[in-house]
Engineer: 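Take a look at this one; I'll ask things after.
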Amino acid sequence: MSDSSSLNALIQGLRRLPGVGVKSASRMAFHLLQHDREGAQILAQALAQAASHVRHCERCHTFTENAVCDTCLDATRDAGKLCVVETPADQSALERTGAYKGFYFVLMGRLSPLDGIGPKDIGLQKLFDRAGDGAVQEVILATNFTAEGEATAHVIGETLKARGLRVTRLARGVPVGSELEYVDLGTIAHALVDRR
């Protein structure tokens, strides 16, 4: 396919997506061009629109088209609670539960010294300023339960506790609907420690 630079550029562009290799990218490109040219145009327009209009919220750092996102503008939310998440996708997952009605701060990453990602790279100072605004009573750490997520939660938690704020962490445990014999041992151990 050396004569089709546009097709190769499309395949390379699709490969930039997480979890998409050469075969998957090729399959998607061929499908769009062979069976869904209209879908390809819609996708191209949506990508261009999002890339030029979506930015970070000035208060919580999530994605929005406005200076401040709708969540931060919602006066019915509990200003005393601030939930810290790694990504906008994590925020969206929490919102879909309908169980949380406070505000958020999106780190856009997590600490990872091995990858050269430090506190400045994920905006920890902005988080500390936001948490110390006088309205926040509790900071809920909802980072992922990976080594990097745990390290990030630890650094944030220790810093905020030293400033006199109440800091909590999402509970870990056995998933709803699961059977103990099929749950990994680390999850069972954390569930026992965090039991209530």
Side-chain angles (χ1 to χ4, degrees), residues 6 9-20 24-25 28-29 31-33 35-112 115-146 148-149 152-153 155-156 160 165 168 170:
S6 295
L10 175 58
I11 291 169
Q12 292 308 312
L14 291 168
R15 283 191 63 203
R16 296 180 72 113
L17 295 170
V20 177
S24 295
M28 287 184 243
H31 171 79
L32 287 169
L33 295 175
H35 300 291
D36 194 7
R37 293 238 175 189
E38 182 182 346
Q41 290 295 330
I42 291 169
L43 179 61
Q45 290 170 357
L47 282 170
Q49 180 82 5
S52 65
H53 289 87
V54 175
R55 58 186 180 164
H56 294 286
C57 173
E58 293 173 0
R59 290 198 72 208
C60 73
H61 214 231
T62 196
F63 291 135
T64 184
E65 289 189 30
N66 303 310
V68 179
C69 71
D70 291 342
T71 303
C72 287
L73 291 174
D74 186 350
T76 65
R77 290 197 168 256
D78 183 352
K81 290 186 172 57
L82 183 66
C83 183
V84 179
V85 295
E86 291 180 19
T87 67
D90 296 336
Q91 177 188 0
S92 179
L94 283 170
E95 276 296 288
R96 285 191 307 271
T97 69
Y100 178 70
K101 298 298 180 196
F103 290 105
Y104 293 93
F105 188 89
V106 182
L107 296 170
M108 291 295 179
R110 61 186 171 260
L111 295 175
S112 182
D115 297 321
I117 300 172
K120 290 180 181 176
D121 300 309
I122 61 172
L124 287 190
Q125 188 56 53
K126 187 173 180 182
L127 166 62
F128 298 148
D129 293 343
R130 173 84 163 80
D133 67 2
V136 175
Q137 304 293 314
E138 176 186 5
V139 176
I140 302 164
L141 301 176
T143 56
N144 293 312
F145 291 103
T146 61
E148 294 89 355
T152 303
V155 168
I156 294 169
L160 293 177
L165 284 164
T168 58
L170 284 186

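Predicted model, so just to flag it, every value in this text is computed and none were measured.
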Engineer: Using 0.5 Å steps for rounding, measure from the CG atom of Leu111 to the CG atom of Asp121.
Structural biologist: 9.0 Å
Engineer: Side chains of Arg55 and Glu65: closer than 4.5 Å at any heavy-atom pair?
Structural biologist: no
Engineer: Does Leu124 reach the side chain of Leu107, with side-chain heavy atoms less than 4.5 Å apart?
Structural biologist: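 In contact.
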Engineer: How far apart are the C-alpha atoms of Thr71 and Gln91, what are their side-chain angles, what is the distance that settles it, and do they pass the side-chain contact (heavy atoms from CB on, under 4.5 Å) test?
Structural biologist: CA-CA 11 Å; Thr71 303; Gln91 177 188 0; 4.1 Å; yes
Engineer: State, to 0.1 Å, how close Gly102 and Arg77 come at their nearest heavy-atom pair, and which atoms those are.
Structural biologist: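 Closest heavy-atom pair between Gly102 and Arg77: O-NH1, 2.7 Å.
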Engineer: Checking Arg15 side chain against Ala25 main chain: does a donor-acceptor pair fall under 3.5 Å?
Structural biologist: no
Engineer: I'd like to check Met108 versus Pro88 (side-chain heavy atoms, cut-off strictly below 4.5 Å). Are they in contact?
Structural biologist: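 SC-SC contact between Met108 and Pro88 confirmed.
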Engineer: Nearest 0.5 Å, please: how far is NZ in Lys101 from CD in Glu95?
Structural biologist: 6.5 Å
Engineer: How close do Ala153 and Thr143 get, counting heavy atoms only, and between which atoms?
Structural biologist: CB-OG1, 3.4 Å
Engineer: Under 4.5 Å between any side-chain heavy atoms of Val54 and Gln49, yes or no?
Structural biologist: no
Engineer: Determine the minimum heavy-atom distance between Ala29 and Leu10, stating which atoms define it.
Structural biologist: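 Heavy-atom minimum between the residues: CB-CD2, 3.6 Å.
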Engineer: Nearest heavy-atom pair of Val136 and Ala131: which atoms, and what distance?
Structural biologist: CB-O, 3.4 Å
Engineer: Do any N or O atoms from the side chain of His35 and from the backbone of His31 form a donor-acceptor pair under 3.5 angstrom?
Structural biologist: no
Engineer: For side-chain contact (heavy atoms from CB on, under 4.5 Å), just list the numbers for Phe145 and Leu170, CA-CA rounded to whole Å, side-chain angles, deciding distance to a tenth of an Å, and then say yes or no.
Structural biologist: CA-CA 9 Å; Phe145 291 103; Leu170 284 186; 4.1 Å; yes
Engineer: Taking atom types as modelled, find out whether Thr152 and Glu86 have a side-chain donor-acceptor pair closer than 3.5 angstrom.
Structural biologist: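 Not at all, the side chains of Thr152 and Glu86 share no donor-acceptor pair under 3.5 Å.
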Engineer: side-chain contact (heavy atoms from CB on, under 4.5 Å) for Thr64 and Val68? Distances and angles first, verdict last.
Structural biologist: CA-CA 7 Å; Thr64 184; Val68 179; over 6 Å; no
Engineer: If you round to the nearest 0.5 Å, how far is CG of Asp133 from CZ of Phe128?
Structural biologist: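 With rounding to 0.5 Å, CZ (Phe128) is 14.0 Å from CG (Asp133).
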Engineer: Taking the side chain as every heavy atom from C-beta outward, state whether Ile117 and Ile122 have any atom pair closer than 4.5 Å.
Structural biologist: yes
Engineer: So do Leu32 and Arg37 actually touch side chain to side chain, heavy atoms under 4.5 Å?
Structural biologist: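 No, too far: nothing below the 4.5 Å cut-off.
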Engineer: How long is the gap from OH on Tyr100 to CG on Asp78, to the nearest 0.5 Å?
Structural biologist: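 Those atoms lie 7.5 Å apart.
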Engineer: Quick one: does Asp36's side chain have a donor or acceptor within less than 3.5 Å of a partner on Gly39's backbone?
Structural biologist: yes
Engineer: Return the NE2 to CZ distance between His56 and Phe63, rounded to the nearest 0.5 Å.
Structural biologist: 5.5 Å
Engineer: Is any side-chain heavy atom of Ile156 closer than 4.5 Å to one of Leu160?
Structural biologist: yes
Engineer: Check Lys126 with Asp129, please: is the shortest side-chain N to carboxylate O separation under 4.0 Å?
Structural biologist: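 No salt bridge links Asp129 with Lys126.
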Engineer: How about CD on Gln125, more than 12 heavy atoms from neighbouring residues, nucleotides or ligands closer than 6.0 Å, or not?
Structural biologist: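 Above 12, so yes.
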Engineer: Under a 4.5 Å cut-off applied to non-hydrogen side-chain atoms, are Val84 and Leu127 in contact?
Structural biologist: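 Side chain of Val84 against side chain of Leu127, heavy atoms only: contact under 4.5 Å found.
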Engineer: Examine Arg59 relative to Tyr104 and say whether NZ or CZ is less than 6.0 Å from the centre of the six-membered ring and inside a 45° cone about the ring axis.
Structural biologist: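 No, cation not above the ring by the 6.0 Å, 45° rule.
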Engineer: Check step by step if side-chain hydrogen bond (donor to acceptor under 3.5 Å, both in side chains) holds for Asp74 and Thr76.
Structural biologist: CA-CA 5 Å; Asp74 186 350; Thr76 65; 2.5 Å; yes
Engineer: Report the distance from atom OG of Ser6 to atom CD1 of Ile11, rounding to the nearest 0.5 Å.
Structural biologist: 11.0 Å
Engineer: Quick one, Leu82 with Arg130, criterion side-chain contact (heavy atoms from CB on, under 4.5 Å). Give me CA distance, side-chain angles, the key distance, then yes/no.
Structural biologist: CA-CA 9 Å; Leu82 183 66; Arg130 173 84 163 80; 3.9 Å; yes
